Colleague: 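This is the structure I want to talk about, given as structure tokens.
Numbers for residues simply follow the sequence, beginning at 1. Worth knowing before you read on, the calculation uses all heavy atoms, side chains too, and leaves out hydrogens, waters and symmetry mates. Quick caveat, the model's predicted, so the values are computed rather than measured. Counting convention: from 1, in listed order, for ligands and their atoms alike.
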Amino acid sequence: MADSAPIGVFDSGVGGLSVLREIRARLPAESLLYLADSGHVPYGEKSPEFIRERCRSIAAFLLGQGAKALVLACNTATAAGIAELRELYPAIPLVGMEPAVKPAAQATRSGVVGVLATTGTLKSAKFAALLDRFASDVRVITQPCPGLVECIEAGELNTETTRSLLRGFVQPLIEQGCDTLILGCTHYPFIKPLLLELLPSTVILVDTGAAVARHLETVLAAHNQLGDGAAITRFWSSGDPRRLAGVLPVLWGESGAVDYYSK
Ligand code: DGL
């Protein structure tokens, strides 16, 4: 039997829209609820305790709106908060994100893989476990990117400020022979055009949005919870709703109404 309840998706801000697009493309029959926690962005430099509190608050809200499943469209929130959410909501399908270390380790020819991610993701025990498991045969160079999420939140996808910040992050990776670069933060797919400009054409970019959408489909099917075609999308922001509404045409592909999430 089809389940027409929506899927709740959240991120610290607009980054999760890169994942929402993949979910919409893969699962056109699903209704989607998206919450941008832009009032508390960036998560990357915040404590795990703070992020866990945000995850609890947002998960309770989205489930209160009728969500049948939750997607943590944020590597940093997944690293800090998904284990606790699984304990709190054992019956709810929860899908998180992590940097795509396994596919990158398989793809590299130089044996050097770069990871762009937030400080929080790179410092997490979950990321250390991922490296132990999948990266024993390759050299992994991690690069935190403080300031980059703020540029993307401000809609500066192709400005000189963003370009020079990004150049500083990728240059050392290029110099060390990295030929495969993991985008370990859901904001970064929005600056792919800039990255392609700055990187040699031989460097492969790896991100996880499409894989997360595929995994979500598998999980919903296993729970007999795939949707029935009456797809709508609703948006909330804990920052300025007008700001999210303003970037939706570019980052989501169409405009939409945005409500304020005050908690
Ligand atoms: N988009 C988020 C991620 O995937 C976090 C960005 C941030 O708020 O620092 O890690």
Colleague: Is a side-chain donor-acceptor pair under 3.5 Å present for Ser38 with Arg243?
Modeller: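 The criterion, which ignores hydrogens and geometry beyond distance, is not satisfied for Ser38 and Arg243.
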
Colleague: To the nearest 0.1 Å, how far is atom 9 (O) of ligand 1 from its closest protein heavy atom, and which atom is that?
Modeller: Gly44 N, 2.8 Å

Colleague: Considering only heavy atoms of His187, which atoms of ligand 1 have at least one such atom less than 4.0 Å away?
Modeller: 1 (N), 2 (C), 6 (C)

Colleague: Counting each atom of ligand 1 from 1 as listed, which ones have a heavy atom of Val41 under 4.0 Å away?
Modeller: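 Numbered from 1, ligand 1 contributes 8 (O).
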
Colleague: Flag the pair Glu30 and Lys68 as a salt bridge only when some basic side-chain nitrogen lies within less than 4.0 angstrom of an acidic carboxylate oxygen.
Modeller: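 Counted as a salt bridge, because a side-chain N and a carboxylate O are separated by less than 4.0 Å.
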
Colleague: Where is the nearest protein heavy atom to atom 3 (C) of ligand 1: which residue, which atom, and how far?
Modeller: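 Minimum-distance protein heavy atom for atom 3 (C) of ligand 1 reads Asn75 N, 3.3 Å.
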
Colleague: So, for Thr180 and Val203, which heavy atoms are closest and what is the spacing to 0.1 Å?
Modeller: N-CG1, 4.3 Å

Colleague: Could you tell me which atoms of ligand 1, counted from 1 in the order shown, lie closer than 4.0 angstrom to a heavy atom of Ser12?
Modeller: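 Selected atoms, number and element: 5 (C), 6 (C), 7 (C), 8 (O).
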
Colleague: For residues Tyr43 and Asp11, is any side-chain donor paired with an opposing acceptor at under 3.5 Å?
Modeller: no

Colleague: Using a 4.0 Å cutoff against the non-hydrogen atoms of Val149, which atoms of ligand 1 qualify?
Modeller: 6 (C), 7 (C), 9 (O)

Colleague: At the 4.0 Å heavy-atom cut-off, does Gly13 count as touching ligand 1?
Modeller: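 No; Gly13 lies far enough from ligand 1 that no heavy-atom distance drops under 4.0 Å.
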
Colleague: Give me the residue, atom name and distance of the protein heavy atom closest to atom 7 (C) of ligand 1.
Modeller: Tyr43 N, 3.3 Å

Colleague: How about Trp236 and Phe61: are their ring centres within less than 6.0 Å of each other?
Modeller: yes

Colleague: Would you tell me which option among Leu183, Ile51, Asp11, Thr76 has the nearest heavy-atom contact to atom 10 (O) of ligand 1?
Modeller: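 Minimum heavy-atom distance to atom 10 (O) of ligand 1 goes to Thr76.
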
Colleague: Give a yes-or-no answer on whether the side chains of Asp179 and Thr108 include a donor-acceptor pair shorter than 3.5 Å.
Modeller: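 Yes, Thr108 and Asp179 have a side-chain donor paired with an acceptor closer than 3.5 Å.
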
Colleague: Check the side chains of Ser18 and Tyr188 for a donor-acceptor pair under 3.5 angstrom, ignoring hydrogens and angles.
Modeller: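 Looking only at side-chain atoms, Ser18 and Tyr188 do not form any donor-acceptor pair under 3.5 Å.
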
